[in-house]
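Worth knowing before you read on, the calculation uses all heavy atoms, side chains too, and leaves out hydrogens, waters and symmetry mates.
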Amino acid sequence: QVQLVESGGGLVQAGGSLRLSCAASGRTFSGYAMGWFRQAPGKEREFVATITPNGGSTYYEDSVKGRFTISRDNAKNTVYLQMNSPRPEDTAVYYCAGRIASGMDMTTTAYRYWGQGTQVTVSS
């Protein structure tokens, strides 16, 4: 069992930067593959980025490649999403999610544990 709590959301100007954090409870965080997803108003929740349990591999949705970076600190039970050069179309509620697995997955149904979400608004 793991509980996830996101933080770091807010209002940011296009071209700025923002770092989201997701703190996990429990002692088995290092066994979880983690992901970030987002959901804009009127749209389905979509994949943003994922990272393997040891942080050795990452994968990104095409529109955020080169701008966003997912990372994790297993000693702190925390996964991060560094958002550089955000765009207005990145505005959404961002969720972190966890799954007990060694590989990466981009589908929402693969993740058992979800945070409550944090709002990110990018102004033009």
*Sequence neighbours excluded, every pair satisfying side chain to side chain donor-acceptor pair (under 3.5 Å) that has a member inside residues 12-22*: none

*What do you reckon, is CD of Gln3 surrounded by more than 12 foreign heavy atoms closer than 6.0 Å?*
no

*Would the number of heavy atoms belonging to other residues, nucleotides or ligands and lying under 6.0 Å from NZ of Lys65 be above 12?*
yes

*Between Asp90 and Arg87, is there a side-chain N and carboxylate O pair less than 4.0 Å apart?*
no

Exam field: side chain [X] to backbone [Y], donor-acceptor pair closer than 3.5 Å:
X: Tyr80; Y: Asp73; value: no
X: Thr52; Y: Ser57; value: yes
X: Thr78; Y: Lys76; value: yes
X: Thr118; Y: Gly9; value: yes

*Nearest 0.5 Å, what's the CD-OG1 distance between Glu61 and Thr50?*
13.5 Å

_Atom pair CZ/SG of Arg72 and Cys22 - distance to nearest 0.5 Å_ = 10.0 Å

Tell me the closest heavy-atom pair linking [X] and [Y], and the distance in Å.
X: Ala92; Y: Ala40; answer: CB-N, 3.8 Å
X: Pro88; Y: Ser124; answer: CG-CB, 3.8 Å
X: Pro53; Y: Ala33; answer: CG-N, 3.7 Å
X: Leu11; Y: Ser123; answer: CD1-CB, 4.2 Å

Would you say that [X] contacts [Y] through its side chain, given a criterion of any heavy-atom pair below 4.5 Å between the two side chains?
X: Val93; Y: Arg45; answer: no
X: Tyr95; Y: Glu6; answer: yes
X: Gln82; Y: Ser71; answer: no

*Output the rest of the hydrophobic cluster of Met83: all Ile, Leu, Val, Met, Phe, Trp and Tyr residues reachable through side-chain heavy-atom contacts under 4.5 Å, sorted by chain and number.*
Val2, Leu4, Val12, Leu18, Leu20, Phe29, Tyr32, Met34, Trp36, Val48, Ile51, Tyr60, Val64, Phe68, Ile70, Val79, Leu81, Tyr94, Ile100, Tyr113, Val120, Val122

*asked:* Tell me every residue that passes side chain to side chain donor-acceptor pair (under 3.5 Å) with Glu46, counting only those two or more places apart in sequence or in another chain.
replied: Arg38

_Parallel, tilted or perpendicular: ring planes of Trp114 versus Phe37, cut at 30 and 60 degrees_ = tilted

